[in-house]
A.B. asks: 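First, the structure itself, so that you have it in front of you.
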Amino acid sequence: MADTVDTKVINRGKRYYVVHLQNRSDGTGESGITKVDISGLTNAAGATATYSVVDRIEYSVWGFNHVRLDWDHTTDDEIATLSGQGIIDWQPAGGNVDPQTTGGTGDILLTTNGGASGSGYDITLWIRLK
């Protein structure tokens, strides 16, 4: 058996790419799973996106110690580590910008930590594509 996961695009507008991530775990968990493939998306100018800015995250995480979101690079760059529930809003500060360190794709990866059967998450990301 495996975790039941879903990635649903809520909005693919000029300003925001909004994606909703869900997991209902059987205890298997996820490790470094690509949730947003940047190279397959276009930015507001119509060009292929090369990096992203995360403006907002709304989340609810239960049963896991935490869920970690990273940008894919040779050494992954942390976006956020989530536990419990809440909202992280970086928009007033210009967003959480992918530092575009060496290597990798800049895709958004997700890893769960410490889950058991019945663990899960609901996460919504507001992303600007650059």
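Values below: every heavy atom of this structure, side chains too, minus hydrogens, waters and symmetry copies.
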A.B. asks: Using a 6.0 Å cut-off, check whether atom CD of Q85 has over 12 heavy atoms from anything other than its own residue.
C.D. replies: no
A.B. asks: Under the salt bridge (charged side-chain N to carboxylate O under 4.0 Å, His left out) rule, what do K35 and D72 come out as? Steps first, then yes or no, please.
C.D. replies: CA-CA 11 Å; K35 295 297 183 173; D72 178 32; over 6 Å; no
A.B. asks: Do side-chain atoms of D3 reach the backbone of G29 as a donor and acceptor pair under 3.5 angstrom?
C.D. replies: yes
A.B. asks: At what distance, to the nearest 0.5 angstrom, does CG of L110 lie from CG of L21?
C.D. replies: 6.5 Å
A.B. asks: I'd like to know whether CZ of R15 has more than 12 heavy-atom contacts from other residues, nucleotides or ligands below 6.0 angstrom.
C.D. replies: yes
A.B. asks: Which Ile, Leu, Val, Met, Phe, Trp or Tyr residues join L109 in one cluster when any pair of side-chain heavy atoms under 4.5 Å counts as a link?
C.D. replies: none
A.B. asks: Strictly distance-based, threshold 3.5 Å: is any side-chain N or O of N23 a donor or acceptor partner for the main-chain N or O of S25?
C.D. replies: yes
A.B. asks: Hey, does the side chain of H66 reach the backbone of L82 with a donor-acceptor pair shorter than 3.5 angstrom?
C.D. replies: no
A.B. asks: Are the side chains of L125 and D55 in contact, using a 4.5 Å heavy-atom criterion?
C.D. replies: no
A.B. asks: Give a yes or no answer on whether the side chain of W62 reaches the backbone of G118 with a donor-acceptor pair at less than 3.5 Å.
C.D. replies: yes
A.B. asks: Would you say S83 and F64 make side-chain contact, with heavy atoms under 4.5 Å?
C.D. replies: no
A.B. asks: Looking at side-chain heavy atoms only, is the closest gap between Y17 and R128 below 4.5 Å?
C.D. replies: no
A.B. asks: Find the distance between CD (Q22) and OH (Y121) and round it off to the nearest 0.5 Å.
C.D. replies: 9.0 Å
A.B. asks: Would you check if the side chain of Q91 reaches a backbone N or O of G94 as a donor-acceptor pair within less than 3.5 Å?
C.D. replies: no
A.B. asks: CG of L129 to OH of Y51: how many Å apart, nearest 0.5 Å?
C.D. replies: 10.5 Å
A.B. asks: Between the side chain of T111 and the main-chain N/O of S31, is any donor-acceptor distance below 3.5 Å?
C.D. replies: no
A.B. asks: Short question: side chain of D107, backbone of I38 - any donor-acceptor pair under 3.5 Å?
C.D. replies: yes
A.B. asks: Answer yes or no: is there an ion pair linking R24 with D122, defined by an N-O contact shorter than 4.0 Å?
C.D. replies: yes
